[in-house]
Each structure stands twice: as structure tokens, then as C-alpha cells.
Number of protein chains: 2
Amino acid sequence: MSAEESILKLVDAGELDREDYRLQDQVGFILRRAHQRHVSIFAAHIADLTPPQFAALAKLRDVGETSQNQLGQLIAMDAATVKGVIDRLKARGFVELTRHEVDKRRLLVSLTAEGREAVERLIPLAQKITEETLSPLSPKEVATFMKLLAKMA
Amino acid sequence: MSAEESILKLVDAGELDREDYRLQDQVGFILRRAHQRHVSIFAAHIADLTPPQFAALAKLRDVGETSQNQLGQLIAMDAATVKGVIDRLKARGFVELTRHEVDKRRLLVSLTAEGREAVERLIPLAQKITEETLSPLSPKEVATFMKLLAKMA
DNA sequence: TTGATATCATTTGCGTACGAATGAATTTTG
DNA sequence: CAAAATTCATTCGTACGCAAATGATATCAA
């Protein structure tokens with residue numbers, strides 16, 4: 001008896017319980033695996049920086065000086081997480097922190113020269129990472145996938 | 001001048017550096033956000049269990065008793081991660097651990113009655129979670145998206 | 001059979017990720 | 001203006017996620 005037939009038999013018998021929910025078919029599960037795969041590809045190309053750390057640097061390159069909180073919003077990290085990421089980048093000399101002159105609550109983050117040099121150098125690698133992550137898909141599939149993924153996120 | 005024109009001007013001037021890599025367009029970044037969103041939806045429906053914990057329970061329901069390592073492979077978790085997840089499920093009384101009689105290295109994991117009751121009760125909620133995660137997409141888009149996501153993961 | 005290899009589990013260390021609580025500074029509002 | 005509400009940053013606690021090292025057990029091969 002094939003797997004198909006086996007399932008149909010269970011349906012008939014009203015014993016589908018074990019068949020109607022397959023973990024490996026759920027978006028959440030596959031999303032998690034896709035993300036894991038990406039992180040692994042990232043690490044293979046950029047060993048000394050994590051994706052969140054690179055995201056912070058790349059975004060700082062775009063927007064220049066911002067507060068820690070605002071940077072967090074731009075790269076989808078809550079305040080507690082962003083703090084850790086920025087702390088580590090600061091320890092490496094990639095960013096520097098200054099208090100906002102007017103609003104003394106704010107902590108302004110900006111790239112150091114070294115930080116800027118690092119992002120510029122890494123961006124070509126980041127493009128390769130994106131490419132490799134999407135490599136199982138054809139160009140047309142990539143376009144479709146990115147559109148739908150963005151719609152969902 | 002529109003943003004488009006502004007970019008074109010930069011291209012002409014050979015100053016495209018800041019425009020040719022946009023973090024928010026990279027798969028890795030969007031994948032991370034999509035995953036975050038899913039986890040958040042999950043938590044809203046199932047507050048007392050994390051997605052990895054539920055994954056372990058759901059898979060144990062499918063396969064019955066397995067070793068910790070093998071379970072890890074089935075749910076895409078390395079040995080160190082799986083240990084923590086199983087420890088917490090054990091502390092809650094959802095799984096029980098026994099040494100393999102023949103191969104004394106192996107630690108067999110299986111659902112307790114309480115664990116089984118919990119999964120069965122939660123599966124309908126998990127289905128809702130999948131639904132809600134995919135809700136920004138039309139049924140046709142869902143089919144396309146799931147196919148491509150699986151291909152990529 | 002024994003010595004090399006492989007497998008299973010555990011531990012350590014580091015880095016996200018986020019809820020909740022706290023305190024300082026700012027803004028809103030009565 | 002003064003009290004209430006909000007914002008920014010920090011800290012604590014919990015939970016993945018993975019690399020690397022370790023120890024116990026099994027398997028393979030000379």
C-alpha cells in the first residue's frame with residue numbers, strides 16, 4: 001500500500017489526527033530553516049561580523065548619525081538587542097557614541113573611519129551572500145519570491 | 001527632482017556608492033523580519049510554549065520515541081540547542097527521557113501523556129498561526145510562496 | 001583484539017531576541 | 001506652571017543558535 005493510500009485509509013477510518021498537521025510544511029518552520037541557511041552562508045563569506053552587526057553598519061552608512069533607538073527601528077531590533085550589537089561594534093572601533101546636545105536622553109551612534117572602511121569593503125561580499133542565498137531560484141523565481149516575501153514581512 | 005532622477009544624477013556623477021546596496025532589499029534582512037513576525041504571531045496564540053518547543057512536541061507526536069540527536073536533525077536543531085529545548089520540556093512534564101538499552105550513549109525522548117494532550121490541543125492553534133502568518137498573501141500567492149520558500153530552505 | 005574513528009551527549013562561551021522593570025529626561029496637558 | 005504621560009536607554013532574566021572542546025560509548029579495520 002502506498003503512502004497516499006495509507007493516508008486515504010486513515011481518512012476513511014476517521015484517524016487522520018496524525019496526518020493533518022505536518023511540521024515540515026508549516027511556514028514558520030521553513031522560514032526558520034531558510035533563515036538558518038542564510039546565516040550560515042553569511043558566516044562563510046563574512047566570518048568576523050554577524051548579520052545584525054553588518055545591518056547596523058550598513059544602515060549607519062545610509063543615514064549617518066542616529067540615536068540608538070532609531071537605528072533599532074531602522075534595522076528591526078528592539079532597544080535591548082540594539083544595545084548589545086552597538087556595544088560590540090564600539091568595542092571593535094567601528095562606531096562611536098556621543099550624547100545628544102539638546103535631548104540628553106539620546107545616545108547618538110555614528111561610523112568611525114574604520115567602520116566606514118569596513119562597510120564599504122564588505123558590501124560586495126554582502127551582495128554575493130544575497131546572490132548565493134537566492135541561488136536555488138531562477139531569476140524569475142527570485143523576483144516573485146522577493147515580492148511575496150516582502151509582502152509577508 | 002524626484003528620487004529616481006536624483007539617483008540617476010548620482011550614477012552620472014559616478015557617486016552611486018550609497019545607492020547600490022539597500023539593506024532593506026536584501027533577502028537575509030527580510031527573511032529575518034518575516035521570521036520575527038511569525039514568532040510574534042506564534043506567541044500571541046500560544047503564550048506558554050516557544051516555536052522550537054512546539055516543533056519538538058509536534059515531531060515527537062509524528063515519530064514517537066527517538067534519540068535527542070535524531071530529534072534535533074528532524075527539527076533542524078544542533079545538539080546543543082536541542083538539549084536546552086528538551087530540558088525545558090522535561091521540566092514541564094511534557095517529555096520523558098530514558099537511556100537506550102543497547103546503545104548506552106543514546107538518550108531516548110518521548111511524549112508523556114500530558115505532552116501528548118498538549119500537542120493535540122495546540123495543533124489547531126498552530127494551524128491558525130500558519131494561516132495568520134500567510135494572511136497577507138492570496139491563496140494563489142501562498143502556493144507560489146511556499147513552493148519557492150521550500151526550494152530555498 | 002586492539003587501535004583509530006565515529007557517534008551521542010554535554011558543557012562553555014558568545015551573540016541575538018525580547019518581555020518587563022527601572023530611571024532619567026522630555027513633552028503633553030490640565 | 002506642575003502633574004501625568006511619553007520617550008530613550010539600561011538592566012535582568014529567559015530562550016534559542018551554533019562553534020568548539022570533552023568524555024563516554026560504539027564501530028571499523030588492521
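FYI, side chains are in, hydrogens and waters are out, and symmetry mates aren't considered; it's all heavy atoms of this structure. Note that the structure is a prediction, hence the values are computed from the model and not measured.
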Between NZ of B:Lys83 and C1' of D:dC16 the distance, given in whole Å, is 14 Å

Rounded to whole Å, the CG-P distance (B:Leu71 to C:dC8) equals 13 Å

Any base atoms under 4.0 Å from B:Val39, or only sugar-phosphate, or nothing? Heavy atoms, all strands. nothing

Handout entry: Under 3.5 Å donor-acceptor, A:Arg61 side chain and A:Glu120 backbone
Key = no

Exercise for review: Examine D:dT25: is either OP1 or OP2 under 4.0 Å from a nitrogen or oxygen in the side chain of B:Arg99? Give yes or no.
Suggested key: no

Between B:Leu74 and B:Leu107, is there shared hydrophobic-cluster membership here, with clusters defined by ILVMFWY side-chain heavy atoms closer than 4.5 Å? no

_What's A:Val85 touching, base or sugar-phosphate or nothing? Going by heavy atoms closer than 4.0 Å._
sugar-phosphate

* To do: With heavy atoms under 4.0 Å as the rule, sort B:Asp103 into base, sugar-phosphate or nothing.
  => sugar-phosphate

By nearest-nucleotide position on DNA chain D, the 5'-leaning member of A:Ser40 and B:Gly84 is B:Gly84

Closest to the 5' end of DNA chain C, once A:Ala76 and A:Glu101 are matched to their nearest nucleotides, is A:Ala76

Between CG of A:Asn69 and P of D:dT11 the distance, given in whole Å, is 14 Å

Looking only at C:dC18, C:dT16, C:dA9, the nucleotide nearest the B:Ser67 side chain is C:dA9

Presence of B:Gln70 side-chain N/O under 4.0 Å of C:dC8 phosphate oxygens OP1/OP2
no

_Is there a side-chain contact between B:Gln73 and B:Val82 in this structure, where contact means two heavy atoms from C-beta onward sitting under 4.5 Å apart?_
no

With heavy atoms under 4.0 Å as the rule, sort A:Thr81 into base, sugar-phosphate or nothing. base

Atom CZ of A:Arg88 and atom P of C:dG15 are separated, to the nearest Å, by 5 Å

For A:Thr50 and C:dG15, is the shortest distance between a side-chain N/O and OP1 or OP2 below 4.0 Å? no

Here the distance between atom P of C:dG23 and atom NZ of A:Lys104, to the nearest Å, is 20 Å

inquiry  = Taking atom types as they are modelled, would you say the side chain of A:Arg105 forms a donor-acceptor pair with the base of C:dT26 within the 3.5 Å cutoff?
reply    = no

- Message: Under 4.0 Å, counting only non-hydrogen atoms across every strand here, what does A:Val102 touch: a base, just sugar-phosphate, or nothing?
- Response: sugar-phosphate

Between CE of A:Met77 and P of C:dG15 the distance, given in whole Å, is 14 Å

Treating A:Thr112 as the side-chain partner and A:Gly93 as the backbone partner, does any N or O pair qualify as donor plus acceptor under 3.5 Å? yes

Whole-Å distance, B:Ile41 CD1 to C:dC18 P, equals 13 Å

Reckon B:Gln36 has a side-chain N or O less than 4.0 Å from the OP1 or OP2 of C:dT16? no

Between A:Thr130 and B:Gln26, do the side chains contain a donor N or O and an acceptor N or O under 3.5 Å apart? yes

> Does A:Gln53 have a side-chain nitrogen or oxygen under 4.0 Å from the phosphate oxygens OP1 or OP2 of C:dT16?
Replying inline: yes

All heavy atoms of B:Ala34 vs all of A:Leu149, minimum pair found to be CB-CD1, 3.9 Å

- prompt: Does the side chain of B:Arg106 get closer than 4.0 angstrom to OP1 or OP2 of D:dA24 through an N or O atom?
  reply: no

From CG of B:Asp78 across to C1' of C:dG13 the rounded distance in Å is 14 Å

